Amino acid sequence: MPDSDSPNSLHCAPIRTGHEYAIGVYYSCAKAACGLPLDKYQLMTVLRCMLCELSALGYNIDAVDLNITNDHIIAALNGDFLGRSGPTNIISFPSDDGMPGILALSLDTCLRESVIYRQKPDIYLCQLLAHALAHLAGFEHGHAMDGISARCLKVAIQLLSKDNSR
């Protein structure tokens, strides 16, 4: 879907009354903007709803920047920050000194893995976002993280199902 800043039917009210989340969505390459299974507004809404779910569970993340990139750039980040070679699907950088948590997502890997795992690209994208947000909330891989990620993914799937039924 093309990038769009205009609202559509997706809606998720914040759980904390009056609380606004700072969410940014950025593209590091032109291909990323036109190859996404969700547009910019949908991504921001899904992220906000996942942040609301985390907040309801006691994990407060107030600001997130999602950087959508390609395999070349994420492979460099993976090597520089994690000491691993090659591309990965998503990397989380926790917030520090008032800065937002940062998510770097490779659209190339996301789309390739959605085919390999036989998942709809929009759902797989949400699964990666849920996983990354669980890392920002302080979780390491394991059962607790899987449970938190599943809760966030469930919220996103419900949101996207409502949007698709209209």
Side-chain angles (χ1 to χ4, degrees), residues 10-26 36-38 42-69 71 73-75 77-164:
L10 289 178
H11 177 71
C12 175
I15 291 171
R16 291 184 280 168
T17 306
H19 184 81
E20 290 294 323
Y21 296 99
I23 300 170
V25 176
Y26 307 97
L36 273 170
L38 300 174
Q42 289 171 314
L43 281 169
M44 292 175 75
T45 304
V46 163
L47 284 168
R48 184 165 46 91
C49 289
M50 288 182 179
L51 292 173
C52 287
E53 184 66 18
L54 286 169
S55 177
L57 297 170
Y59 303 98
N60 296 319
I61 301 169
D62 293 328
V64 174
D65 283 344
L66 172 61
N67 296 280
I68 300 162
T69 189
D71 277 351
I73 293 171
I74 208 154
L77 292 171
N78 204 18
D80 291 347
F81 292 97
L82 300 176
R84 299 178 184 150
S85 63
T88 188
N89 47 31
I90 195 162
I91 301 174
S92 301
F93 298 96
S95 60
D96 188 28
D97 294 328
M99 299 298 291
I102 298 171
L103 308 178
L105 176 120
S106 170
L107 181 61
D108 298 334
T109 300
C110 175
L111 295 176
R112 186 172 55 250
E113 288 180 350
S114 73
V115 172
I116 292 169
Y117 300 134
R118 296 182 176 147
Q119 293 189 17
K120 291 176 56 180
D122 58 342
I123 300 301
Y124 189 65
L125 172 61
C126 290
Q127 182 178 337
L128 294 177
L129 294 175
H131 179 90
L133 287 176
H135 277 306
L136 290 185
F139 287 89
E140 295 298 325
H141 294 130
H143 295 297
M145 181 177 182
D146 292 344
I148 291 291
S149 297
R151 294 274 303 260
C152 289
L153 180 59
K154 181 180 178 182
V155 167
I157 290 171
Q158 290 171 340
L159 182 69
L160 294 174
S161 294
K162 287 178 186 176
D163 186 51
N164 290 335

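Quantities reported herein were computed from a predicted structural model and do not represent experimental measurements.
- Residues passing the side chain to side chain donor-acceptor pair (under 3.5 Å) test with T109, sequence neighbours excluded: D71, S106, R112.
- Contact detail for L103 and S92: the closest heavy-atom pair is CD2-OG, 3.6 Å.
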CA sep, side-chain torsions, deciding dist, call: C152, L54, side chain to side chain contact (heavy atoms under 4.5 Å, CB included): CA-CA 7 Å; C152 289; L54 286 169; 3.7 Å; yes

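- Checked against side-chain contact (heavy atoms from CB on, under 4.5 Å), T88 has the following partners two or more places apart in sequence or in another chain: I74, N78, I91.
- With rounding to the nearest 0.5 angstrom, the CG atom of L36 is 8.0 Å from the CG atom of L105.
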Report all side-chain donor-acceptor pairs from residues 126-133 shorter than 3.5 Å, counting only partners two or more places apart or in another chain.
residue, atom, partner, partner atom, Å
Q127, OE1, Q119, NE2, 3.4
H131, NE2, H135, NE2, 3.2
H131, NE2, H141, NE2, 3.1

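- The OH atom of Y21 sits 4.0 Å away from atom OG of S55, with the distance rounded to the nearest 0.5 Å.
- Rounding to the nearest 0.5 angstrom, the gap separating the CG atom in L159 from the CD atom in E53 is 12.0 Å.
- In this structure, S114 contributes its side chain and L111 its backbone to a donor-acceptor pair below 3.5 Å.
- The heavy-atom pair separating I61 from V64 by the smallest distance is CG2-CG2, 3.7 Å.
- Two residues are said to be in side-chain contact when any heavy atoms from C-beta on lie closer than 4.5 Å; N89 and C110 fail this criterion.
- Note: L51 CG to R48 CZ = 9.5 Å, rounded to the nearest 0.5 Å.
- Going from atom CD of Q158 over to atom CG of L153 covers 10.0 Å, rounded to the nearest 0.5 Å.
- At a threshold of 4.5 Å between non-hydrogen side-chain atoms, the residues L125 and V46 do not count as touching.
- Atoms CD1 and OH, on I148 and Y59 in that order, are 5.0 Å from each other to the nearest 0.5 Å.
- L160 places a side-chain heavy atom less than 4.5 Å from the side chain of L38.
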